[in-house]
Amino acid sequence: MSMACIYGDVMKIDTTGASEKTAKQDKLTVQGVAASRKMAEHDLANMNKYKQLIIKVGRAQQMDPSVIAGIISRESRAGTQLKDGWGDHGNGYGLMQVDKRHHTPAKPWDGEPHLTQGTQILIGKINEIKKKFPSWPKEHQFKGGISAYNAGAGNVRSYDRMDIGTTGDDYANDVVARAQWFKTNGY
């Protein structure tokens, strides 16, 4: 079910995966890509409830569904960490944790309008990074946009250190590693 993503190929993005801090969420003894894969695997059963919707939104927005799944896994553990759709101390809404301080979250929290909004926010961030770093290869801009989804384009100052200042200092690396796992598992 592979589809071309106009923003780049997630399988070509280098990643160090989850930090020790992020891996501790699941009490994992591993960190890095292995930890990201384990967390993605842990979220798969719940993610599959949303799979058709993720693929539909991915197609419509020309975004790789595995990247949407990677963000959902990281942000809400496929919805399992939310209370009535809310997370992040009541600031983040939905599977993709749209921040109410910056956006009017689309409802319902697990519906197509929400996934479309979250994906469009991600695309906006990728485009900001493209403008900021026009000489970066496509995959670097894609990864930078994923980092900016968490901490804003202003936080992305260099390719190697883009995750410093993101939650767990590993956001894009963790999301990319999870997305790569979802891609090889049907997304």
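FYI, the numbering just counts along the sequence from 1. All of these numbers come straight from a predicted model, not from anything done at the bench.
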Engineer: Please find the pair of heavy atoms, one from G165 and one from A151, that lie closest to each other, and give the distance.
Structural biologist: O-CB, 4.0 Å

Engineer: Going only through I, L, V, M, F, W and Y residues with side-chain contacts under 4.5 Å, is there a path from I72 to Y7?
Structural biologist: yes

Engineer: Does the K83 side chain pair with the main chain of G90, one donor and one acceptor, at a distance under 3.5 Å?
Structural biologist: no

Engineer: Under a 4.0 Å threshold between the charged nitrogen and the carboxylate oxygen, would E128 count as salt-bridged to K131?
Structural biologist: no

Engineer: Is there a donor-acceptor contact under 3.5 Å from the side chain of N173 to the main chain of D163?
Structural biologist: no

Engineer: Using modelled atom types only, decide if a donor and an acceptor are shared between the side chain of R178 and the backbone of S73 within a distance under 3.5 Å.
Structural biologist: yes

Engineer: Is any side-chain heavy atom of E75 less than 4.5 Å from a side-chain heavy atom of Y171?
Structural biologist: yes

Engineer: Please test D160 against S158 for side-chain hydrogen bond (donor to acceptor under 3.5 Å, both in side chains), starting from the C-alpha separation and ending with a verdict.
Structural biologist: CA-CA 6 Å; D160 294 334; S158 70; over 6 Å; no

Engineer: Any ion pair linking D110 and K49 (charged N to carboxylate O, less than 4.0 Å)?
Structural biologist: no

Engineer: Distance from H114 atom NE2 to T119 atom OG1, nearest 0.5 Å?
Structural biologist: 8.5 Å

Engineer: Quick one: CD on Q52 to CD1 on I54, what's the gap to the nearest 0.5 Å?
Structural biologist: 9.5 Å

Engineer: Looking at M47, is its backbone amide N or carbonyl O close enough to the side chain of Y187 to form a donor-acceptor pair, meaning the two atoms are under 3.5 Å apart?
Structural biologist: yes

Engineer: Quick one: does NZ or CZ of K107 land under 6.0 Å from the six-membered ring centre of Y93, within 45 degrees of the ring axis?
Structural biologist: yes

Engineer: Measure the shortest side-chain to side-chain distance between I129 and W136 over non-hydrogen atoms and say whether it is less than 4.5 angstrom.
Structural biologist: yes

Engineer: Please name the pair of heavy atoms, one in D88 and one in R101, separated by the smallest distance, quoted to 0.1 Å.
Structural biologist: OD2-NH2, 3.6 Å

Engineer: Find out whether M96 and Q117 are in side-chain contact, i.e. whether some heavy atom of one side chain is under 4.5 Å from a heavy atom of the other.
Structural biologist: no

Engineer: Decide, yes or no, whether a salt bridge links K183 with D9 under the criterion of side-chain N to carboxylate O below 4.0 Å.
Structural biologist: no

Engineer: Check for a donor-acceptor pair, side chain of Q62 on one end and backbone N or O of R59 on the other, with a separation under 3.5 Å.
Structural biologist: no

Engineer: Hey, is D26 close enough to R77 for a salt bridge, meaning N to O under 4.0 Å?
Structural biologist: yes

Engineer: Do F142 and V67 have side chains that get closer than 4.5 Å, going by heavy atoms?
Structural biologist: yes

Engineer: Determine the minimum heavy-atom distance between S36 and A177, stating which atoms define it.
Structural biologist: CB-CB, 3.4 Å

Engineer: Within the 3.5 Å criterion, strictly below it, is a donor on D169 or S19 matched to an acceptor on the partner's side chain?
Structural biologist: no

Engineer: Does E20 pair with K24 as a salt bridge, N-O distance under 4.0 Å?
Structural biologist: yes

Engineer: The test is side-chain contact (heavy atoms from CB on, under 4.5 Å); show your working for K143 and D14 and say whether it passes.
Structural biologist: CA-CA 9 Å; K143 187 177 181 184; D14 61 284; 3.9 Å; yes

Engineer: Taking V30 as the starting point, is it possible to reach V33 by hopping between hydrophobic residues whose side chains are less than 4.5 Å apart?
Structural biologist: no

Engineer: Provide the closest heavy-atom pair for V156 versus S147 in the form atom of the first, atom of the second, distance.
Structural biologist: CG2-OG, 3.9 Å

Engineer: Working to the nearest 0.5 angstrom, can you tell me the gap between Q25 CD and R74 CZ?
Structural biologist: 6.5 Å

Engineer: Of the non-hydrogen atoms in V10 and A179, which two are nearest, and what is the gap between them?
Structural biologist: CG2-CB, 3.9 Å

Engineer: Flag yes if M162 and I121 sit in one hydrophobic cluster, no otherwise; membership is Ile, Leu, Val, Met, Phe, Trp, Tyr, and two members link when side-chain heavy atoms are under 4.5 Å apart.
Structural biologist: yes

Engineer: Do I126 and M63 have side chains that get closer than 4.5 Å, going by heavy atoms?
Structural biologist: yes

Engineer: Does any non-hydrogen side-chain atom of Q61 lie less than 4.5 Å from one of L115?
Structural biologist: no

Engineer: Grouping I, L, V, M, F, W and Y whenever their side-chain heavy atoms are under 4.5 Å apart, do Y149 and I164 come out in a common cluster?
Structural biologist: no

Engineer: To the nearest 0.5 Å, how far apart are CG in L122 and CD1 in I68?
Structural biologist: 8.0 Å

Engineer: For the side chain of D170 and the backbone of A18, is there at least one donor-acceptor N/O pair under 3.5 Å apart?
Structural biologist: no

Engineer: Quick one: do I123 and L95 end up in the same hydrophobic cluster if we chain Ile, Leu, Val, Met, Phe, Trp and Tyr together by side-chain heavy atoms under 4.5 Å apart?
Structural biologist: yes

Engineer: Do I55 and K51 touch side chain to side chain, with heavy atoms closer than 4.5 Å?
Structural biologist: yes

Engineer: As a quick check of understanding, evaluate side-chain contact (heavy atoms from CB on, under 4.5 Å) for T22 and M39, giving each step before the final call.
Structural biologist: CA-CA 10 Å; T22 299; M39 289 184 285; 3.8 Å; yes

Engineer: Check the surroundings of atom NE2 in H140: do more than 12 heavy atoms from other residues, nucleotides or ligands lie under 6.0 Å from it?
Structural biologist: yes

Engineer: What pair of heavy atoms forms the shortest contact from L82 to Q97, and how long is it?
Structural biologist: CD2-NE2, 3.2 Å

Engineer: Quick one, N127 and K130 - any side-chain contact, counting heavy atoms below 4.5 Å?
Structural biologist: yes

Engineer: Got a second to check how far F182's CZ is from E41's CD, nearest 0.5 Å?
Structural biologist: 9.5 Å

Engineer: Please check: side-chain N/O of E112 versus main-chain N/O of L53, any donor-acceptor pairing under 3.5 Å?
Structural biologist: no

Engineer: Quick check against the 3.5 Å criterion: does K12 have a side-chain atom that pairs as donor or acceptor with the backbone of E139?
Structural biologist: no

